[in-house]
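Below is one structure, written out as structure tokens; comments come after it.
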Amino acid sequence: MKQPKKGIKWETLGFGFSDVNCHIRFTWKDGKWSGPKFVKDPYINMHIGAACLHYGQECFEGIKAFRQKSGKIVIFRPDENARRMYRTAERTCMPPVPVKMFLDACKAVVKRNAEYVPPYGTGGSMYLRPLLIGTGPQIGVAPAKEYTFMIMVMPVGAYYKGGMKPVRAVIFDDWDRAAPHGMGDVKVGGNYAASLFAHEKAKHDGWPVELYLDAKSHKFVEEFATSNFAGISRSGAYVTPDSKSILPSVTNMTLRQCAEDLGIKVERRPVPYSEIKRFKAVAALGTAVVITPVWEITRGKDVIRISDPDVVHPTLQKLYDTVQGIQYGTIKDVHKWCLEVK
Ligand SMILES: Cc1ncc(COP(=O)(O)O)c(C=O)c1O
């Protein structure tokens with residue numbers, strides 16, 4: 001496998017687009033998927049009437065690949081993302097990408113760009129962004145007749161340059177993200193369009209993340225705009241909401257298993273807003289950062305202080321270290337979550 005490219009400042013990389021060798025691309029037409037193409041050009045030429053542009057027929061995923069201590073390159077749980085994208089495609093009337101084709105594509109595109117997987121020890125990783133879009137022209141509202149599936153990749157830096165840093169969160173009662181029988185449980189771009197306005201307001205007012213309550217009653221915790229929610233209860237349990245309108249996060253699934261392996265009780269159930277003040281710790285969970293501790297949550301005049309701003313609960317720290325250890329190959333991967341790129 002190729003060694004990391006010389007001349008890149010891996011330690012200062014952020015989370016953003018950068019040019020690599022290529023992305024991988026497939027097209028679906030007349031009921032079948034084409035073979036792969038490796039494309040250097042990051043621009044897509046498509047019909048002005050493409051269904052993804054007009055009716056939002058699109059979905060995506062987010063995955064990470066790691067260069068491990070041994071030198072191996074692995075992709076973390078891409079099978080779960082493949083299955084999630086399959087469900088999203090079905091929900092949005094797009095042809096699902098078969099799981100094997102998805103996994104082979106992930107491996108192939110990482111391999112072609114192996115020199116962009118950051119070196120072990122820098123805390124960096126390669127971010128994979130699979131994207132499925134309706135590219136056939138469609139003027140009346142209906143599913144497209146042609147689709148494009150792509151995976152772009154880019155090196156990204158360590159999120160925490162030194163230790164986990166707790167953040168403040170906000171709840172707005174004026175905007176919801178996902179309706180009870182809507183599309184909150186699948187990964188479509190429209191969900192993010194729905195959250196942008198609140199997100200920009202939160203950022204402007206000094207909160208890096210916003211938390212959503214259930215759209216129907218505003219009584220139960222759902223999830224953050226781009227990550228799941230977990231709290232550590234007074235008895236030490238890992239508590240995470242059970243709801244049909246939140247995204248089934250691969251990170252949350254991983255952390256629940258790690259918690260169980262560490263002998264921590266896991267509770268997946270409705271979480272009332274009123275319970276937040278009793279948690280000893282709260283965290284946002286997702287692929288990009290794994291765990292972001294949240295030390296304070298504001299809802300109008302209600303300000304819930306969960307912990308001191310610079311204190312990370314030991315359970316969150318332990319879970320974070322465990323997941324990162326498995327990803328970077330310093331802790332045994334007993335559940336076989338890492339898919340090696342050979
Ligand atoms: C709305 C939402 N919830 C949760 C997550 C976390 O999911 P995962 O752990 O699979 O990255 C994400 C990120 O993809 C997200 O966008």
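As the structure lists them, so they are numbered: ligands from 1, and atoms in each ligand from 1.
Below 30°, between 30° and 60°, or above 60°: for Phe279 and Phe229 the angle between ring planes is between 30° and 60°, a tilted geometry. Trp175 and Phe172 have perpendicular rings, their planes meeting at more than 60° on a 0 to 90° scale where under 30° would count as parallel.
A distance limit of 4.0 angstrom between heavy atoms and ligand 1 selects the residues Arg84, Arg177, Lys187, Tyr192, Glu223, Ala225, Thr226, Ser227, Asn228, Leu247, Ser249, Val250, Thr251, Leu285, Gly286, Thr287.
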Donor-acceptor contacts under 3.5 Å from residues 35-52 side chains, at least two apart:
unit_1, atom_1, unit_2, atom_2, d
Lys40, NZ, Val20, O, 2.9
Asp41, OD1, Tyr43, N, 3.0
His47, ND1, Gly49, N, 2.8

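Listed by chain and residue number, nothing satisfies the side chain to side chain contact (heavy atoms under 4.5 Å, CB included) test with Ala179 (two or more places apart in sequence, or in another chain).
The side-chain tip of Arg299 points at the ring of Tyr273 from less than 6.0 angstrom away and within 45° of straight on.
Residue pairs that meet the salt bridge (Lys or Arg N to Asp or Glu O under 4.0 Å) test with at least one member in residues 261-275, sequence neighbours left out, are Lys265-Glu267, Glu267-Arg269, Arg269-Glu275.
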